[in-house]
Amino acid sequence: MPNGVAVAPRPVAGHPTPALPNPSTLHLLLPKWLTMRARAVSGGRGNGLRLAFLAVFGLAFWAFIYGMLFRLLKYFRGVEEIGPLLAGKLLGLILVGFFSILLLSNVITALSSFFLSRDLDLLVSAPVDWLKLYAAKLAETTVHSSWMVVLMAVPMFAAYGYVYEGGILFPLIVVATFVPFLIIPAVIGSALTLLLVNIFPARRTRDILSVIAVLAGGGLVVFFRLVRPERFARPEGFRSLVDFVAILRTPTSPIMPSEWVQRGIMSWLSFKQDLLPYYLLWSTAAAAVVLGALLHRWLYTRGFSKAQESAQRWARSGAGTKVAHALLNPFGVVRRELVLKEIRVFFRDTTQWSQLILLAVLVMVYVFNIKFLPLRGEGMTFFLINVVPFLNLVLSGFVLASIAARFIFPGVSLEGRTLWLLRSSPMSMRELLWSKFWVGTLPLLVLAVGIVGVTDYLLQVTPFMMGVSILSITFMTFAVAGLAIGFGTIFPQFDTENAAQIPTSFGGLVFMMTSIALIGTVIILEARPVYAYLGAQMNGGNPDVLEMVVGFGLAATLCGAATLVPIEVALRRLAELER
């Protein structure tokens, strides 16, 4: 089968040439669709409740995003001349973020769908046309990488359409611009993955994703330096209003698809229809698909062959292993080996540790945005300067929850069929869960304290706020990790093909909602004593010690309960699995 094209059998005298099956692209996608539908309609216990819960959460999320953008866009529309420009600039910046997320997500997802998926052994060896195989895998990559962005875009476009009176045809305009916007990064990401797989040996997949990490991080930093979003938070830095308006009228990234989508949407909403953005989007998407298909035909069979090579692995004891043994020996042989097993499993699974790329990009964006907050100058009081870092804990907590969902929540599910071996051994399941807890919590704690410490240093907070922030994020880290272990055991996904899909399951959704509720409750409990302390400092009085003890004590108790109770429930869940 050269170049992925099936070779017709030689005709035999007296017998007609048998016709080769030629399945369509939809036929190749049918097993994925049937699997997804079977999971959705399965009559498991509590399935209806799960769907109802998911629907309520989805609607609440959409309502929150819509309400926030609605108020902001309504304010923009009330500002003559500058308002529409600000709305367009906001849409462009959001779409640039979407495009960056889509590009990075497609690169990682394409590695799984084009080279590591379980159905490829059958599809590549079957008489399937190479173009149909490429189209099917490209569609699969696009769906897996874009569904979350699509869900976030729905309330955003709804708010723009309602505030600026887009009309009944506005949804069609959105579809006409957003579909090619999703296709372009999918093709680019798939092509980049194909090139990297052919350049690097399959056994050096770590090098492939390291290159992706460097390119993503470097590109992100360069992009934010070129855009300089902090300028729009400080219009007084411009020489005149004319300069400020000129900056707003200038395209943020004129050669990027995000700018074309923004121009197409805003031209419709401002009743100045411009067909050039649609032409640029669809022509670029079509050209990308053609070039991507040609690259696929040229390099895919060679890259797929390399991807099937087994990696070189030696059971050698290096310096890191000796150090780990020395550090873990005081905890006993069983705990030491469990911790080492968790570390080995994590770094052997490419789909797991490759998500560190997303984590690095997320942290870079977060710290970069904190650095350029306009917290100095007129109008910024002592109270606001200290309250903003306190609210920074909310965002840091969200970052923690998302990281725990990616790395700690799938821990039990990744045991898969080997769980019965661990369950039937004389080892205690309590030690297994706590080993997973500590392996995930300690790196998360270092990251959390580092993020809060760096951002508070950039914000130049007072020692009191620094202490509150460090202690609060420490307790929240333990609580979020405990919830991740608990919900990951209560809602396991033992039959999953890709560890990256576990956090998007129903259990992952419940975990994220519970974590957000926990973070919000902790912030509310601590808000009153912090407010009282700051008020006392401003007025020269003494803060109420009892109020501070009660507030911080309740927050610490809640975090302790959120750490211990879910793990105890998870132990009961594992006991039920044995039956």
Side-chain angles (χ1 to χ4, degrees), residues 327-328 331 335 338-339 342-343 346 359 362-363 366 390 392-412 428-456 465-491 503 507-508 510-527 529-530 549-574:
L327 293 176
L328 297 174
F331 299 99
R335 294 186 180 91
L338 282 175
V339 171
E342 294 298 326
I343 297 175
F346 176 80
L359 169 61
L362 181 64
V363 171
Y366 180 74
F390 181 72
N392 174 45
L393 287 174
V394 179
L395 299 178
S396 301
F398 290 161
V399 173
L400 285 181
S402 62
I403 296 173
R406 287 288 184 179
F407 298 107
I408 302 179
F409 179 82
V412 175
S428 170
M429 287 295 98
R430 184 180 299 275
E431 292 182 348
L432 174 65
L433 289 184
W434 278 105
S435 67
K436 292 181 178 294
F437 174 84
W438 288 113
V439 169
T441 302
L442 292 181
L444 189 63
L445 180 62
V446 172
L447 177 66
V449 174
I451 291 176
V452 172
V454 170
T455 53
D456 281 358
M465 287 304 305
M466 177 70 79
V468 169
S469 301
I470 296 296
L471 289 177
S472 300
I473 205 66
T474 300
F475 281 104
M476 285 195 292
T477 301
F478 282 98
V480 169
L483 290 174
I485 291 293
F487 282 105
T489 308
I490 298 172
F491 302 100
V510 176
F511 161 70
M512 286 299 297
M513 291 190 60
T514 307
S515 299
I516 292 174
L518 170 72
I519 294 167
T521 305
V522 170
I523 296 302
I524 291 174
L525 289 174
E526 294 182 352
V530 170
V549 170
V550 171
F552 289 114
L554 289 177
T557 303
L558 177 62
C559 291
T563 305
L564 300 175
V565 173
I567 296 181
E568 293 299 323
V569 176
L571 289 172
R572 298 179 184 178
R573 171 64 172 167
L574 289 178

Could you check if a side-chain atom of [X] sits within less than 4.5 angstrom of a side-chain atom of [Y], using non-hydrogen atoms only?
X    : Y    : answer
L433 : V412 : yes
C559 : V522 : yes
R572 : V569 : no
F511 : V480 : yes
L471 : F552 : no
M465 : V530 : yes
I473 : L400 : yes

Working to the nearest 0.5 angstrom, can you tell me the gap between [X] [atom1] and [Y] [atom2]?
X    : Y    : atom1 : atom2 : value
I485 : W438 : CD1   : CH2   : 12.0 Å
F398 : I516 : CZ    : CD1   : 5.0 Å
S402 : F409 : OG    : CZ    : 14.0 Å
S469 : L393 : OG    : CG    : 4.5 Å
F487 : M513 : CZ    : CE    : 10.0 Å
I403 : L444 : CD1   : CG    : 6.0 Å

Over all heavy atoms of both residues, which pair between [X] and [Y] is shortest? Give the atoms and the distance, please.
X    : Y    : value
E526 : S472 : OE1-OG, 2.8 Å
G482 : P566 : O-CB, 3.4 Å
G551 : P529 : CA-CG, 4.2 Å
G453 : M466 : O-CE, 4.2 Å
A448 : T477 : CB-OG1, 3.5 Å
P410 : A405 : CD-O, 3.5 Å

Pair L518-M476, side chain to side chain contact (heavy atoms under 4.5 Å, CB included): steps then yes or no: CA-CA 8 Å; L518 170 72; M476 285 195 292; 5.8 Å; no

T455 side chain to V452 backbone, donor-acceptor under 3.5 Å: yes

Test side chain to side chain contact (heavy atoms under 4.5 Å, CB included) applied to T563 - qualifying residues, sequence neighbours left out: F437, F478, A479

E431/K436 ion pair, N-O < 4.0 Å: no

